[in-house]
Engineer: 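Please read through the structure below; I'll follow up with questions.
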Amino acid sequence: LYAKDLKEALRDRETVLEALRRSTEMRILEERNELKHQAKQYTSMGPASVLCFVCDEFKNDREIVELAVREYGLALEYASASLQNDVSLAEIDLRQNGLALRYCGSAVHQSDRLCSIAIEQDPLAVWFLQADQAVNKSLLRQALAKDGLLLSENYIEKQMLAEKDL
């Protein structure tokens with residue numbers, strides 16, 4: 001019964017929006033459906049838990065995804081592929097957590113500016129650069145300037161280290 005009620009609640013757009021707005025994810029589900037045990041279980045997963053469990057329609061709902069992204073810097077992981085390519089959503093996510101680059105679509109990866117934002121926020125975002133960006137000297141220099149240990153940990157490809165201007 002609880003799982004059925006929870007699934008139904010996660011299909012209600014207003015319930016999902018309210019849960020995200022309140023930043024307490026499943027508390028609203030507790031109040032409406034008395035799902036105390038399950039709500040506590042999902043709440044422990046963090047703010048993206050609502051987005052993780054919603055129906056596919058809501059994973060493609062820009063308003064819902066934006067609320068989740070504003071609350072949790074890795075929420076794009078659970079968004080639809082089209083919203084993972086949304087440049088403005090990606091920028092919000094990357095400014096909170098550069099490692100969110102991992103979940104961004106190819107349109108985002110093609111933007112030097114967004115890759116730079118990710119690296120500025122967390123130089124380890126260099127791990128998630130796609131092939132074209134992984135050889136971008138400007139981005140690699142930026143990552144190295146933020147964290148010189150990237151050299152010792154082999155995060156920067158060895159062939160790039162041979163480049164004199166890197």
Side-chain angles (χ1 to χ4, degrees), residues 10 13 16-27 41-166:
L10 288 172
R13 187 173 191 277
V16 170
L17 285 169
E18 189 172 345
L20 287 166
R21 283 187 189 114
R22 291 177 60 169
S23 303
T24 56
E25 314 103 43
M26 299 305 216
R27 181 189 291 164
Q41 176 186 355
Y42 293 125
T43 300
S44 67
M45 295 178 64
S49 63
V50 170
L51 194 57
C52 178
F53 294 104
V54 297
C55 63
D56 289 342
E57 176 186 350
F58 294 162
K59 291 179 182 186
N60 197 40
D61 184 307
R62 193 177 196 298
E63 183 180 8
I64 289 173
V65 172
E66 183 173 349
L67 281 169
V69 163
R70 288 186 184 283
E71 289 298 319
Y72 179 64
L74 295 171
L76 276 181
E77 174 181 7
Y78 304 109
S80 68
S82 67
L83 290 180
Q84 287 176 341
N85 275 303
D86 185 298
V87 172
S88 61
L89 282 177
E91 183 169 351
I92 294 166
D93 216 1
L94 294 171
R95 287 190 184 282
Q96 293 180 71
N97 189 327
L99 300 180
L101 188 61
R102 176 180 188 179
Y103 305 113
C104 293
S106 59
V108 174
H109 282 270
Q110 293 170 5
S111 167
D112 288 351
R113 184 180 70 80
L114 292 175
C115 290
S116 178
I117 288 169
I119 290 169
E120 184 64 30
Q121 201 287 322
D122 189 333
L124 292 179
V126 75
W127 282 1
F128 304 114
L129 294 174
Q130 290 182 348
D132 291 348
Q133 298 293 19
V135 294
N136 181 317
K137 292 176 189 172
S138 175
L139 293 173
L140 297 177
R141 275 191 222 103
Q142 179 187 2
L144 288 171
K146 294 280 294 179
D147 186 352
L149 293 176
L150 291 171
L151 289 174
S152 64
E153 298 295 329
N154 291 323
Y155 295 129
I156 306 289
E157 294 289 329
K158 290 180 182 170
Q159 66 266 21
M160 291 308 297
L161 295 178
E163 297 284 335
K164 291 182 181 181
D165 62 347
L166 186 61

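Predicted model, so just to flag it, every value in this text is computed and none were measured.
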Engineer: Indicate the atoms forming the closest heavy-atom contact of N60 with S80, along with that distance.
Structural biologist: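 Answer, listing the atom of N60 first, then S80: OD1-OG, 2.7 Å.
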
Engineer: Can a salt bridge be assigned to the pair R13 and E57 using a cut-off of 4.0 Å between side-chain N and carboxylate O?
Structural biologist: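 No, no charged N to carboxylate O under 4.0 Å.
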
Engineer: Would you give the length of the straight line joining atom CD of E66 to atom CG of L89, rounded to the nearest 0.5 angstrom?
Structural biologist: 5.5 Å

Engineer: In Å, rounded to the nearest 0.5 Å, how long is the span from CG of D112 to CD1 of I117?
Structural biologist: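 The CD1 atom of I117 is 11.0 Å from CG of D112, to the nearest 0.5 Å.
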
Engineer: For A143 versus P123, what's the shortest heavy-atom pair and its separation?
Structural biologist: O-CB, 3.8 Å

Engineer: Determine, stepwise, if the pair V126 / L139 fulfils side-chain contact (heavy atoms from CB on, under 4.5 Å).
Structural biologist: CA-CA 8 Å; V126 75; L139 293 173; over 6 Å; no

Engineer: With a 4.5 Å heavy-atom cut-off, do R113 and V87 have their side chains touching?
Structural biologist: yes

Engineer: Identify the two heavy atoms, one from Q96 and one from V69, that lie closest to each other, and give their separation to 0.1 Å.
Structural biologist: NE2-O, 2.6 Å

Engineer: On a heavy-atom basis, which atom in A107 and which in N85 lie closest, and how many Å separate them?
Structural biologist: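 Heavy atoms of A107 and N85 come nearest at N-OD1, 2.8 Å.
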
Engineer: Do we see a donor-acceptor contact under 3.5 Å between the side chains of S116 and Q142?
Structural biologist: yes

Engineer: Rounded to the nearest 0.5 Å, what separation is found between the CG atom of D86 and the CZ atom of R62?
Structural biologist: 4.0 Å

Engineer: Can you name the closest pair of heavy atoms from L99 and A125 and give their distance?
Structural biologist: CD2-N, 3.7 Å

Engineer: To the nearest 0.5 Å, how far apart are CD in E71 and CG in L51?
Structural biologist: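 Reported to 0.5 Å precision, the distance equals 12.0 Å.
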
Engineer: Check side chain to side chain contact (heavy atoms under 4.5 Å, CB included) between A79 and all other residues, then give those that pass, not counting sequence neighbours.
Structural biologist: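 Counting only residues at least two positions away or on another chain, A79 forms a side chain to side chain contact (heavy atoms under 4.5 Å, CB included) with V65, L76, L83, Q84.
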
Engineer: Answer yes or no: is there a side-chain heavy-atom contact under 4.5 Å between I119 and L129?
Structural biologist: yes

Engineer: Look up atom CG in D132 and atom OG in S106, then write down how far apart they are to the nearest 0.5 Å.
Structural biologist: 10.5 Å

Engineer: To the nearest 0.5 Å, what is the distance between CG (L114) and CG (D93)?
Structural biologist: 11.0 Å

Engineer: Keeping the roles fixed (side chain from H109, backbone from A131), state whether a donor-acceptor pair exists under 3.5 Å.
Structural biologist: no

Engineer: If you compare all heavy atoms of A100 against all heavy atoms of L94, which two are closest, and at what distance to 0.1 Å?
Structural biologist: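 It is C-CD2, 3.8 Å.
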
